[in-house]
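From a predicted model like this one, the values you see are computed outputs, not experimental measurements.
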Amino acid sequence: MQVSEQQFAQFVREHKSTIYTVCYMFSKDNDEVSDLFQEILVKLWKGFGSFEGRSDIKTWVYRVSLNTCITLDRKKKQRRKKDSLTMDINLYEDNDSDTLQVKQLYKRINKLGFFDRAIILLWLEGIPYDEIGEIVGISAKNVSVKLVRIREQLKNMN
(Lines give C-alpha, C1' and ligand atoms only; values in the text may rest on other atoms or scores of the structure.)
Protein backbone atom coordinates (compact mmCIF):
# COMPACT_ATOMS: atom_id res chain seq x y z
CA MET A 1 0.00 0.00 0.00
CA GLN A 2 1.39 3.39 -1.01
CA VAL A 3 1.21 6.01 1.72
CA SER A 4 1.25 9.72 1.04
CA GLU A 5 3.38 12.13 2.99
CA GLN A 6 0.21 13.91 4.13
CA GLN A 7 -1.19 10.67 5.58
CA PHE A 8 2.05 9.96 7.39
CA ALA A 9 2.30 13.56 8.66
CA GLN A 10 -1.21 13.25 10.12
CA PHE A 11 -0.28 9.91 11.67
CA VAL A 12 2.79 11.51 13.29
CA ARG A 13 0.72 14.42 14.64
CA GLU A 14 -1.68 11.94 16.23
CA HIS A 15 1.03 9.79 17.82
CA LYS A 16 3.97 12.10 18.51
CA SER A 17 3.23 12.41 22.23
CA THR A 18 3.35 8.62 22.54
CA ILE A 19 6.67 8.52 20.70
CA TYR A 20 8.15 11.35 22.78
CA THR A 21 6.99 9.71 26.01
CA VAL A 22 8.95 6.58 25.15
CA CYS A 23 11.99 8.58 24.02
CA TYR A 24 12.10 10.58 27.28
CA MET A 25 11.95 7.40 29.31
CA PHE A 26 15.08 6.15 27.55
CA SER A 27 17.21 9.29 27.46
CA LYS A 28 18.14 12.29 29.54
CA ASP A 29 19.55 14.35 26.70
CA ASN A 30 17.30 16.50 24.48
CA ASP A 31 19.53 15.96 21.44
CA GLU A 32 19.46 12.22 21.98
CA VAL A 33 15.67 12.32 22.38
CA SER A 34 15.46 14.11 19.02
CA ASP A 35 17.71 11.47 17.45
CA LEU A 36 15.59 8.67 18.92
CA PHE A 37 12.42 10.37 17.68
CA GLN A 38 13.84 10.67 14.16
CA GLU A 39 14.98 7.05 14.14
CA ILE A 40 11.53 5.92 15.27
CA LEU A 41 9.92 8.00 12.52
CA VAL A 42 12.12 6.31 9.94
CA LYS A 43 11.09 2.87 11.24
CA LEU A 44 7.42 3.87 11.31
CA TRP A 45 7.63 5.30 7.77
CA LYS A 46 9.18 2.09 6.46
CA GLY A 47 6.56 -0.06 8.14
CA PHE A 48 3.52 2.20 7.81
CA GLY A 49 2.37 0.92 4.44
CA SER A 50 2.61 -2.70 5.50
CA PHE A 51 0.85 -2.31 8.88
CA GLU A 52 -1.83 -5.00 8.76
CA GLY A 53 -4.02 -3.83 11.61
CA ARG A 54 -3.76 -7.08 13.58
CA SER A 55 -3.29 -4.90 16.65
CA ASP A 56 -4.30 -1.37 17.53
CA ILE A 57 -2.20 1.27 15.74
CA LYS A 58 -1.15 2.78 19.11
CA THR A 59 0.10 -0.64 20.23
CA TRP A 60 2.17 -0.84 17.07
CA VAL A 61 3.58 2.67 17.66
CA TYR A 62 4.57 1.75 21.23
CA ARG A 63 6.17 -1.50 20.09
CA VAL A 64 8.21 0.16 17.31
CA SER A 65 9.21 3.00 19.65
CA LEU A 66 10.26 0.74 22.51
CA ASN A 67 12.13 -1.68 20.27
CA THR A 68 13.97 1.17 18.54
CA CYS A 69 14.98 2.80 21.83
CA ILE A 70 16.12 -0.51 23.34
CA THR A 71 18.12 -1.46 20.24
CA LEU A 72 19.84 1.92 19.99
CA ASP A 73 20.63 1.93 23.70
CA ARG A 74 22.23 -1.50 23.47
CA LYS A 75 24.38 -0.31 20.58
CA LYS A 76 25.36 2.80 22.53
CA LYS A 77 26.31 0.73 25.58
CA GLN A 78 28.43 -1.58 23.46
CA ARG A 79 30.32 1.44 22.19
CA ARG A 80 30.76 3.19 25.54
CA LYS A 81 30.27 0.45 28.15
CA LYS A 82 28.40 2.90 30.34
CA ASP A 83 25.94 1.40 32.81
CA SER A 84 23.97 4.26 34.28
CA LEU A 85 21.33 6.22 32.44
CA THR A 86 19.45 8.94 34.30
CA MET A 87 16.75 11.37 33.33
CA ASP A 88 17.84 14.89 34.27
CA ILE A 89 14.97 16.58 32.50
CA ASN A 90 13.39 19.38 34.47
CA LEU A 91 9.75 18.44 33.96
CA TYR A 92 8.46 20.52 36.86
CA GLU A 93 9.57 23.91 38.13
CA ASP A 94 7.58 24.18 41.36
CA ASN A 95 8.50 22.50 44.61
CA ASP A 96 5.16 21.54 46.14
CA SER A 97 4.84 18.12 47.76
CA ASP A 98 2.99 16.56 44.80
CA THR A 99 5.71 17.67 42.39
CA LEU A 100 8.44 16.37 44.68
CA GLN A 101 6.69 12.98 44.84
CA VAL A 102 6.46 12.84 41.04
CA LYS A 103 10.16 13.71 40.77
CA GLN A 104 11.01 10.97 43.27
CA LEU A 105 8.89 8.46 41.36
CA TYR A 106 10.64 9.26 38.06
CA LYS A 107 14.07 9.01 39.72
CA ARG A 108 13.13 5.56 40.99
CA ILE A 109 11.64 4.47 37.66
CA ASN A 110 14.85 5.55 35.96
CA LYS A 111 16.78 3.05 38.11
CA LEU A 112 14.75 0.13 36.73
CA GLY A 113 15.92 -2.02 33.85
CA PHE A 114 14.60 -1.18 30.39
CA PHE A 115 12.01 -3.94 30.28
CA ASP A 116 10.55 -3.02 33.67
CA ARG A 117 10.74 0.68 32.80
CA ALA A 118 8.79 0.02 29.60
CA ILE A 119 6.10 -1.91 31.49
CA ILE A 120 5.66 0.76 34.16
CA LEU A 121 5.64 3.50 31.49
CA LEU A 122 2.83 1.76 29.63
CA TRP A 123 0.93 1.17 32.87
CA LEU A 124 1.26 4.85 33.84
CA GLU A 125 -0.10 5.74 30.39
CA GLY A 126 -3.24 3.79 31.30
CA ILE A 127 -2.69 1.01 28.78
CA PRO A 128 -4.63 -2.19 29.66
CA TYR A 129 -2.63 -5.25 30.76
CA ASP A 130 -3.46 -7.26 27.64
CA GLU A 131 -2.25 -4.44 25.40
CA ILE A 132 0.92 -3.97 27.47
CA GLY A 133 1.54 -7.69 27.10
CA GLU A 134 1.07 -7.46 23.36
CA ILE A 135 3.48 -4.52 23.14
CA VAL A 136 6.28 -6.11 25.17
CA GLY A 137 5.64 -9.70 24.15
CA ILE A 138 4.39 -11.31 27.36
CA SER A 139 1.00 -12.47 28.65
CA ALA A 140 -1.41 -10.15 30.46
CA LYS A 141 -1.02 -12.34 33.56
CA ASN A 142 2.76 -11.94 33.39
CA VAL A 143 2.25 -8.14 33.09
CA SER A 144 0.20 -8.25 36.29
CA VAL A 145 2.88 -10.23 38.13
CA LYS A 146 5.67 -7.98 36.85
CA LEU A 147 3.78 -4.83 37.89
CA VAL A 148 3.37 -6.14 41.44
CA ARG A 149 7.11 -6.83 41.59
CA ILE A 150 8.01 -3.49 39.98
CA ARG A 151 5.81 -1.52 42.40
CA GLU A 152 7.36 -3.38 45.33
CA GLN A 153 10.83 -2.65 43.95
CA LEU A 154 9.97 1.05 43.58
CA LYS A 155 8.62 1.18 47.11
CA ASN A 156 11.84 -0.29 48.54
CA MET A 157 14.25 1.99 46.67
CA ASN A 158 16.20 4.72 48.47
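- In terms of heavy atoms, Phe115 sits closest to Ile138 at CZ-CG2, 3.9 Å.
- Note on ring orientation: taking the six-membered ring where Trp is involved, the planes of Trp45 and Phe8 are perpendicular (angle over 60°, cut-offs 30° and 60°).
- Looking at Val143 and Leu122, their side chains never come closer than 4.5 Å, going by heavy atoms from C-beta outward.
- A heavy-atom distance below 4.5 Å is found between the side chains of Met157 and Leu112.
- The shortest distance between side-chain heavy atoms of Phe114 and Met25 does not fall below 4.5 Å.
- Of the inter-residue distances, the one linking Asp29 atom CG with Asp35 atom CG reads 8.0 Å to the nearest 0.5 angstrom.
- The closest donor-acceptor contact from the side chain of Ser27 to the backbone of Cys23 lies at 3.5 Å or more, if one exists at all.
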Test log, rule side chain to side chain donor-acceptor pair (under 3.5 Å), inputs Glu131 and Thr59: CA-CA 7 Å; Glu131 198 171 329; Thr59 300; 2.7 Å; yes
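- Between the side chain of Ser144 and the backbone N or O of Ala140, no donor-acceptor pair lies under 3.5 Å.
- Side-chain atoms of Gln6 and Gln10 include no donor-acceptor pair closer than 3.5 Å.
- Not one N or O on the side chain of Arg108 forms a donor-acceptor pair closer than 3.5 Å with the backbone of Asn156.
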Chi angles and distances behind the side-chain contact (heavy atoms from CB on, under 4.5 Å) call for Lys155, Arg151: CA-CA 6 Å; Lys155 226 187 313 182; Arg151 286 191 293 254; 5.8 Å; no
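- When all heavy atoms of Ile127 and Ile132 are compared, the pair lying nearest together is O-CD1, 3.3 Å.
- Put simply, the side chain of Trp60 reaches to within 4.5 Å of the side chain of Leu44, judged on heavy atoms.
- By the 6.0 Å contact criterion, CZ on Arg149 is open, its count of non-hydrogen atoms from other residues, nucleotides or ligands being 12 or less.
- Counting heavy atoms from C-beta outward, Ile150 and Trp123 have side chains that stay 4.5 Å or more apart.
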